[in-house]
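Written below as structure tokens is the structure these notes are about.
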Amino acid sequence: MNNTYSRLFFGCMIILLWACSPAVQPTASPQEETSVFYADFEVESYVYHDSDDSSTVFLRMPASYLTTKKWNNTQDFKALHLTLDVSDSLSQLTDHLEADYHGYDVTDNQWIIMKERLKLTTGVFKIIVEISDANKKSVAKEVVLVDKKNKFSVQNFLIRDEGGEPLFGYRAPAGSTFTITSDRNATADSLEIFQFAADTKLPPPPFSTNSAETPLPKQAVRTVVALSNGQCTLTQQGLYQCMRITGSGYSFLVRQQSHSYPSIDLAQQLHYPLRYITTKAEYDEMNKLNYSKNLVDKFWIESGGTRERSRELISKYYTRVEECNRYFTSFTEGWRTDRGMIYLVYGPPILVEHADEQEVWHYNGDSDENEILFVFNRVKTPIGLMHFQLKRDPYYKTGWEMMVNAWRNGRVR
């Protein structure tokens with residue numbers, strides 16, 4: 001579900017909330033990662049290393065981003081200009097490409113998909129993606145990180161859906177069939193699959209002495225699938241599928257999730273992410289019958305105090321849930337991870353410092369001298385995947401409680 005549908009869905013939820021609720025008186029990968037949550041537009045990338053000296057880059061973006069004009073005074077069309085600049089680890093430009101794309105009769109709820117081949121040899125690269133709307137001359141940029149050091153990394157696998165399109169975000173609709181191809185591993189004879197049956201537990205708050213749960217191999221069902229010329233078709237069912245070429249020790253993840261993921265499109269899903277800003281008693285009551293619309297409505301109405309503010313809170317909170325799912329999904333839904341928890345409650349950081357095995361998120365405190373830092377260390381799991389784990393500290397308790405209370409009192413920045 002793209003951003004347009006997300007806005008429509010939450011708009012309907014807000015209307016239903018006020019129509020049905022009484023008035024209340026007044027009282028915020030190992031898979032290659034990018035700094036996508038700093039972008040001003042939604043674009044998804046997929047890199048496939050199909051040979052030792054070149055790779056294919058797939059990009060897609062919602063057609064709603066582009067403006068529409070008449071073509072020859074008869075037909076509506078959308079147009080964009082794509083520029084790709086590739087640089088190596090020494091920041092030296094290694095390839096440059098420009099291309100034009102046109103979408104005729106493309107509606108706002110469809111995707112425009114771009115496919116280009118680039119010169120990429122062994123090493124680590126960065127692709128600067130620049131997309132301009134030819135109809136209004138607006139420009140947006142994106143950064144795609146490329147790792148071509150190891151032929152077992154996820155970018156050496158082309159994972160396609162039943163229609164033959166790449167699985168952007170490595171997400172497959174629940175119950176679907178998808179095909180995996182690896183030209184650089186054509187001689188491999190099998191693929192190991194670890195299927196996890198359920199989500200991990202919610203991470204403890206940042207001031208806790210406990211760490212977030214990490215799935216272990218004993219929690220998964222392992223199967224081995226034969227490869228033929230580096231290809232196989234999978235129909236296995238399971239919430240998560242962690243895969244690796246047998247004996248390689250390098251894993252990647254494909255999720256089977258609802259078709260709309262990373263968006264939320266079911267009313268029954270709305271109360272789960274509220275756990276971070278509700279009390280245990282409130283959450284247990286909401287969870288008692290799996291979903292209680294009246295209690296969810298009551299929470300947001302009391303938090304907002306006014307209709308306008310409650311609408312803002314609902315939109316902001318569930319937009320962040322979707323963003324967490326898009327940026328931080330790993331073994332579990334993005335909002336259930338350590339980074340997702342912080343992003344959901346605190347919002348996007350003002351600065352992120354990247355190191356090989358660490359991220360440091362910077363937030364403004366209640367004064368210029370009181371900056372808040374969250375340190376996430378990359379942790380390798382027993383089945384080869386790595387994820388980020390927050391370095392917890394009792395110091396965070398006061399600030400966390402202030403942010404939770406801000407949500408509950410409609411004062412989120």
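Computed over heavy atoms, backbone and side chain alike; hydrogens, waters and symmetry mates excluded.
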If I compare all heavy atoms of Met114 with all of Leu80, which pair ends up nearest, and what's the gap?
SD-CD1, 3.7 Å
Gln358 and Glu353, any side-chain heavy atoms less than 4.5 Å apart:
no
Students often mix this up, so state it plainly: with edges at 30° and 60°, are the rings of Tyr283 and His271 parallel, tilted or perpendicular?
tilted
For a quick test of reading the model, state the closest non-hydrogen atom pair linking Tyr396 to Lys391 and the distance between them.
CE1-O, 3.6 Å
Does a side-chain heavy-atom distance below 4.5 Å link Leu59 with Glu142?
no
Tell me the side chain to side chain donor-acceptor pair (under 3.5 Å) pairs involving residues 112-125, sequence neighbours left out?
Asp50-Arg117, Ser54-Arg117, Thr56-Arg117, Tyr101-Glu116
Parallel, tilted or perpendicular: which fits the ring planes of Tyr46 and Phe58, with parallel below 30° and perpendicular above 60°?
perpendicular
Show, in sequence, the C-alpha distance, side-chain angles and deciding distance for Leu202 and Arg336, and conclude whether the side-chain contact (heavy atoms from CB on, under 4.5 Å) test is met.
CA-CA 6 Å; Leu202 286 178; Arg336 303 173 71 97; 4.0 Å; yes
Would you mind telling me which of Trp361, Phe376, Phe388, Trp335 makes a ring-ring contact (aromatic ring centres under 6.0 Å, His included) with Phe328?
Trp361
Euclidean distance, Asn156 CG relative to Ser248 OG, rounded to 0.5 Å:
10.5 Å
Mutual orientation of the aromatic rings belonging to Tyr327 and Tyr343 [parallel < 30°, tilted 30-60°, perpendicular > 60°]:
perpendicular
Ser310 (side chain) donor-acceptor with Trp300 (main chain) under 3.5 angstrom
yes
Between Arg339 (side chain) and Glu359 (backbone), is there a donor-acceptor pair under 3.5 Å?
no
Is the shortest heavy-atom distance from the side chain of Ile113 to the side chain of Arg60 under 4.5 Å?
yes
Closer than 3.5 angstrom, by distance alone: can the side chain of Ser176 be matched with the main-chain N or O of Ala172 as a donor-acceptor pair?
no
Does Asn150 CG have over 12 foreign heavy atoms under 6.0 Å away?
yes
How would you list all residue pairs meeting ring-ring contact (aromatic ring centres under 6.0 Å, His included) that involve residues 124-146, not counting sequence neighbours?
none
Taking the side chain as everything from C-beta on, heavy atoms only, tell me whether Asp189 gets closer than 4.5 Å to Leu227.
no
Could you walk me through whether Glu312 and Lys316 pass the salt bridge (Lys or Arg N to Asp or Glu O under 4.0 Å) test, one step at a time?
CA-CA 6 Å; Glu312 293 176 10; Lys316 184 184 294 289; over 6 Å; no
Here the pair of heavy atoms bringing Thr279 nearest to Arg408 is N-NH1, 4.0 Å
Salt-bridge criterion met for Arg320 and Glu323 (N-O under 4.0 Å):
no
With rounding to the nearest 0.5 Å, note down the distance linking CG in Leu158 to CD1 in Ile180.
10.0 Å
Can a donor-acceptor pair be found, under 3.5 Å and without considering hydrogens, that links the side chain of Asp85 to the backbone of Leu93?
no
Sub-4.5 Å side-chain heavy-atom contact between Arg392 and Pro203:
yes
Shortest non-hydrogen separation from Pro273 to Val321 and the atoms involved:
CB-CG2, 3.7 Å
Could you tell me if the ring centre of Phe168 sits under 6.0 Å from that of Trp111?
no
Checking Asp100 side chain against Ala79 main chain: does a donor-acceptor pair fall under 3.5 Å?
no
Dump the intermediate steps for side-chain contact (heavy atoms from CB on, under 4.5 Å) on Leu274 and Tyr318, then the final yes or no.
CA-CA 10 Å; Leu274 289 180; Tyr318 292 107; 3.8 Å; yes
Starting at OG1 of Thr332, measure out to CG of Asp338 and round the result to the nearest 0.5 Å.
11.0 Å
Heavy-atom side-chain contact between Leu84 and Ile128 under 4.5 Å
no
Nearest non-hydrogen partners of Ile127 and Leu118, listed with the distance
CD1-CD1, 3.8 Å
Look at the side chain of Asp393 and the backbone N and O of Pro206, then say whether any donor-acceptor pair between them is shorter than 3.5 Å.
no
Show your reasoning for whether ring-ring contact (aromatic ring centres under 6.0 Å, His included) applies to Phe252 and Phe157.
CA-CA 9 Å; Phe252 60 95; Phe157 296 83; 4.5 Å; yes
Testing the basics here: between Ser190 and Val224, what is the closest heavy-atom pair and its distance to 0.1 Å?
CB-CG1, 3.6 Å
Do Arg244 side-chain atoms and Ser251 backbone N/O form a donor-acceptor pair below 3.5 Å?
no
Distance-only donor-acceptor pairs under 3.5 Å for side chains of residues 397-406, two or more places apart:
residue	atom	partner	partner atom	Å
Lys397	NZ	Glu401	OE2	2.8
Asn405	ND2	Glu401	O	3.1

Rounded to the nearest 0.5 Å, what's the gap from CD on Glu192 to OG1 on Thr246? Could you check?
4.0 Å
Tyr170 OH to Phe178 CZ distance, which is reported to the nearest 0.5 Å
13.0 Å
Quick one: list whatever passes side-chain contact (heavy atoms from CB on, under 4.5 Å) with Lys148, sequence neighbours left out.
His49, Ser55, Leu120, Arg184
Out of curiosity, Thr179 OG1 to Asp161 CG, how far, rounded to the nearest 0.5 Å?
9.0 Å
Backbone N or O of Ser315 within a donor-acceptor pair of the Thr319 side chain at under 3.5 Å?
yes
Given Ile193 and Arg222, is the side-chain contact (heavy atoms from CB on, under 4.5 Å) satisfied, shown in steps?
CA-CA 6 Å; Ile193 302 173; Arg222 175 182 175 272; over 6 Å; no
Any side-chain heavy atom of Arg275 within less than 4.5 Å of one from Lys280?
yes
Please identify each residue that fulfils salt bridge (Lys or Arg N to Asp or Glu O under 4.0 Å) with Glu130, with sequence neighbours left out.
Lys141
Listed by chain and number, what are the ring-ring contact (aromatic ring centres under 6.0 Å, His included) partners of Phe299, not counting sequence neighbours?
none
